[in-house]
Amino acid sequence: MKKDWYRNAIFYELNVRAFRDSNGDGKGDIPGVIEKLDYLKDLGVDCLWLLPMYPSPLKDDGYDIADFMHIHPDFGTVEDFKHLMDEAHKRDMYVVADLVLNHTSDQHYWFQAALKDPTSPYKDYYVWSKTGKEYGDTRIIFLDTEPSNWSFCPEVGEFYWHRFYASQPDLNYDNPAVQEEMLNTMRYWASLGLDGFRADAVPYLFEREGTICENLPETHQYLKKVRRVLDAEFPGRILLAEANQWPDDVREYFGDGDEFNMAFHFPLMPRIFMAMKKGDPTPIRWALDKTPAIPDGCQWCTFLRNHDELTLEMVTPEERDYMWQQYAPDPKMKLNLGIRRRLAPLMDNNIEKMKQANAILFSLPGTPIIYYGDEIGMGDNIDLFDRNGVRTPMQWAADLPNAGFSEASQTYAPVINIAPYSPRHVNVAGQQNDPSSFLNFMKHLVKLRKERPYLAESSIQFLDTTSPATLCVVREAEGQRMIALHNLGDSNAYVTFRADLGFSPKIELLTGTPVNPGLKTIRLAPHQSAWLE
Ligand code: NOJ
């Protein structure tokens, strides 16, 4: 393991169920992921993030875990999992997976034992109330489906606490046995070779009356313990925080470098979309200006899309309305406080915009994550329930059954089959053979980025130019410098730098075109980006 490998890396998020079905049962599986590792390696991926693949009734696509210590039979076996670790490591790739600390499925035997026998020690694994009135200041996250964070349990005659679906009771972290069980869960998967954990929903572990039950000191204390155990017993493995919070609150999850190694940058993400729609760099500059410094060895994880709705929790109500107006014209596209669409449809399936969104992300500090399928511009299906519309089968080929995902007559979810997103238009094989494809652009971008570790560092400067629609960032480190220009507008931009640049770029990296010496003004087409080095 290279020290701090995650600080300059390309992550790739994938759902085992959606990637490749190796045994023809219509559901993706771990051997299927192994089949496709060479594809991921070729794309330049350094680390896979696997969504939960544990036994589960799949009411929240696996985030409702019924058994922390096994693999869901649809997806394979623990042996398959070990094989995947070996095959990934052989290719110098790392693998992280979800560690869902906050809750279990109501089908977990701990919860079932509590229902059967209220005197069972497992009852105290969960959070109960006789009235269902406590912690009234706590917001509801799944607003569209859950009327309350409490649900009544007739078997026990009490209410139980849940921050997500009612089928996902929250664990009681005031119980030391729960704390230990979850450390053991982490130990188990680390001992099988996993390189780290994407820790789900970490702000919500403890509850305290009179608070919003998020980001509590007790929660941070426990997470620091998780880190201590991981460092002591599995040195070099990493923890990545899913804390959908404002920058100052997320900052706390890095501690003094003794809590998480990485955390997602939630406030930046919607502002990239906002800036591109407004033709105005202000939202992106705002997000980065507000980004606090983080301890040495820590890193932000930056992303455009993931398996959830495009969350609009970290924007103001006005900004949220703007985003909904612009990006969710059909009410079916909205979900909770977000938008359940994929990158390509959000970008009007316009390849220049898709390229630009990624060229922006990759020109900023942090470690970028690619969401499976977005590297080929896959579409979504808003007729599917909840977030399932952005979790459809990966499209490998135009001319194979189910786009090469599966040989089964029926798949866990339908392959997208409406132009311009059907396999005939969007698939890996076709794009691999086309030098001007989006996939080949992504490969190029990944390569440019990885060859320049300084782009992952935190230092960034914004330059004012004569074009108000252009985002201009300067990234530099010893002896190396790049100016990234992003024309966010719908018309041509003529960019003249207001100050003397103090260096003369030699090459535009995205296209590989030499730059004329003495360059003063650059013309950028609508939604064109240029990386000048
Ligand atoms: C965050 C995950 O990303 C989401 O998919 C899930 O529904 C919730 N946590 C609950 O586990």
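When a ligand or atom number is given, it counts from 1 through the structure's own listing order.
- At a threshold of 4.0 Å, the pair Lys27-Asp21 does not count as salt-bridged, since none of the basic side-chain nitrogens sits closer than that to a carboxylate oxygen.
- For Gln112, there are no side chain to side chain donor-acceptor pair (under 3.5 Å) partners, not counting sequence neighbours.
- Only one option out of Asp386, Asp61, Asn15, Asn381 pairs with Arg391 in a side chain to side chain donor-acceptor pair (under 3.5 Å); it is Asp61.
- Judged as a salt bridge (Lys or Arg N to Asp or Glu O under 4.0 Å), the pairs with a partner in residues 318-330 (not counting sequence neighbours) are, in order, Arg271-Glu319.
- Side chain to side chain, Asn172 and Asp124 meet the donor-acceptor criterion of an N or O pair below 3.5 Å.
- When the salt bridge (Lys or Arg N to Asp or Glu O under 4.0 Å) test is applied to Glu87, the partners found at least two apart in sequence or on another chain are Lys90, Arg91.
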Identify all N/O pairs between ligand 1 and the protein with a separation under 3.5 Å and present them as a table of atom names and distances.
residue: ligand 1; atom: 3 (O); partner: Arg198; partner atom: NH2; Å: 3.0
residue: ligand 1; atom: 3 (O); partner: His307; partner atom: NE2; Å: 2.8
residue: ligand 1; atom: 3 (O); partner: Asp308; partner atom: OD2; Å: 2.5
residue: ligand 1; atom: 5 (O); partner: His307; partner atom: NE2; Å: 3.0
residue: ligand 1; atom: 5 (O); partner: Asp308; partner atom: OD1; Å: 2.6
residue: ligand 1; atom: 5 (O); partner: Asp308; partner atom: OD2; Å: 3.4
residue: ligand 1; atom: 5 (O); partner: Arg387; partner atom: NH1; Å: 3.2
residue: ligand 1; atom: 7 (O); partner: Asp60; partner atom: OD1; Å: 3.0
residue: ligand 1; atom: 7 (O); partner: Asp60; partner atom: OD2; Å: 2.6
residue: ligand 1; atom: 7 (O); partner: Arg387; partner atom: NH1; Å: 2.9
residue: ligand 1; atom: 9 (N); partner: Asp200; partner atom: OD1; Å: 2.8
residue: ligand 1; atom: 9 (N); partner: Asp200; partner atom: OD2; Å: 3.3
residue: ligand 1; atom: 11 (O); partner: His103; partner atom: NE2; Å: 3.0
residue: ligand 1; atom: 11 (O); partner: Asp200; partner atom: OD2; Å: 2.8

